[in-house]
Amino acid sequence: MTLDLLKVGPQMAEMARASGAYLRGRGPRIEEAQAVLARLAPRWMDLEELAASAERRLPRPQEPLDARHPGIPLPPEHVVIATDGSQIEPDRHAMSDFFLLNVGWAVLRYGPQPFAELASEPTLYFKPEDTAITYSGPHGTRRVPIQDRHLSAKRSVLEITQAATLADRWRDDPIDLAVLADGTLALWVLEERPDDFLRKALVAPYVEQLKRLRALGRPLASYISRPRSQDVVVLLREGGCVGPFGGCSPCGDGGDEPCVFERLPDRELFGLLGPGERSALFQMTLPAGLTEFYEDLVPCFFYLNVGTEIARIEVPPWTADDPDQLALVQSVILDQCQKGLGYPNVLARADKQAVVTAQDRHAFEYLRDAVLAREGIAVRASEKLHSKRVWAV
């Protein structure tokens, strides 16, 4: 073991003390932050105007900030679809360039004719045109390998594509159906470079699949567990502590105490929601480069008390603007969280189909080496990787 835990231990103890001090003092801060939200709740249209004109990205309230919407009974017969993905990342130490994306899905039908479809589809990318994004322009040709954030975005495209394909099977069926996804609906790809060709290659296909789902008329929602987002917190701070509407007492007193909104996630603001209740609806504000692609499909979000946590739910406009679809999404998520013991059951089942385990990776490497050897290709990794596997003195 090369990690010296005796040296890490004192640092861990210091971290624990700092975390404990923060947690012990956060109760009054949360209460005051919630009081500011309640005070500014009727001025939600003023805050919407502020968000529309602000230089920084702020969410735009669509209703009073303190709105609380209970769930409605779920139709006994309905279908829930979820997709998720995993990957084997590109390895520059390997003999050849490749990566693998595995998309799993779950289709669960409830009612008098229940059934479940659980499956996955792996795709190996190894051709030069598949492992990199190429752009030819006036200043020459650029070739950028697909990895890291680009790989995650490409996986998201496959996930939403599979979700649209599954939903399309029910095109002519009047049964209630909802599509659930894990994570955000906004692909934050190179937001600092709005004109980059990479964004077009990765975001445009994703938005095309959103349009495909919109054409089907089926509600879509993404689920974010234990969200760390501070969108509403920043809006209240900009409108109150920094802006003209009056904020927290530390900012008003001008003392040394930190703002009550500092390090406060949105989920703490909405801790007063009762089980099954959702918060007000907010529209996201995307960077100009992303808005260009999303056009009229900029997602909205709300917070939902699923009983075990305050989750962030993101929905596209065609779901947010339809009260029936919005209510169906809320009821489906609550029911799935109950069935999944705190997390949507259908998402957990899709994740189970998609995950690439350590055992899967070893089997994949064995298969790769075997088929390469069959073609007469000597399998040897880079010298750096070889040195990690073979010890010498």
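Numbers for residues simply follow the sequence, beginning at 1.
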Nearest heavy atoms of Thr131 and Arg143, plus distance in Å: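 Closest approach of Thr131 to Arg143: OG1-NH2, 3.5 Å.
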
Applying ring-ring contact (aromatic ring centres under 6.0 Å, His included), can you list everything that pairs with [X], at least two apart in sequence or on another chain?
{"X": "Tyr110", "answer": "His78"}
{"X": "Phe261", "answer": "none"}
{"X": "Phe245", "answer": "none"}

Salt bridge (charged side-chain N to carboxylate O under 4.0 Å, His left out) contacts in which one or both residues fall within residues 45-54, not counting sequence neighbours: Arg43-Asp46

Show your reasoning for whether side chain to side chain contact (heavy atoms under 4.5 Å, CB included) applies to Arg212 and Thr165. CA-CA 9 Å; Arg212 185 180 169 198; Thr165 298; 3.1 Å; yes

Is a side-chain donor or acceptor of Glu117 paired with a backbone partner of Ala106 at a separation under 3.5 angstrom?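 No, the answer is negative, given that no donor and acceptor are paired below the 3.5 Å cut-off.
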
Distance-only, no hydrogens or angles: does the Thr184 side chain make a donor-acceptor pair with backbone N or O of Ala186 under 3.5 Å?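 Yes, because the side chain of Thr184 sits within donor-acceptor range (under 3.5 Å) of the backbone of Ala186.
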
Indicate whether the side chain of Thr319 and that of Gln325 have a donor and an acceptor atom separated by less than 3.5 Å.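 Result is yes, a qualifying pair exists.
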
So Tyr223 and Tyr343, would you call those rings parallel, tilted or perpendicular, with 30° and 60° as cut-offs? perpendicular

Look at the rings of Phe98 and Phe364 and say which category their plane angle falls in: under 30° parallel, 30 to 60° tilted, over 60° perpendicular. tilted

Checking one residue: Tyr22. Which other hydrophobic residues are in its cluster under the side-chain 4.5 Å linking rule?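 Leu23, which link up through side-chain heavy atoms under 4.5 Å apart, make up the rest of the cluster.
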
Got a sec, which residues hit salt bridge (charged side-chain N to carboxylate O under 4.0 Å, His left out) with Arg109, two or more places apart in sequence or on another chain? Glu77

Decide yes or no on side chain to side chain contact (heavy atoms under 4.5 Å, CB included) for Val207 and Val203, but give the supporting numbers first. CA-CA 6 Å; Val207 175; Val203 179; 4.0 Å; yes

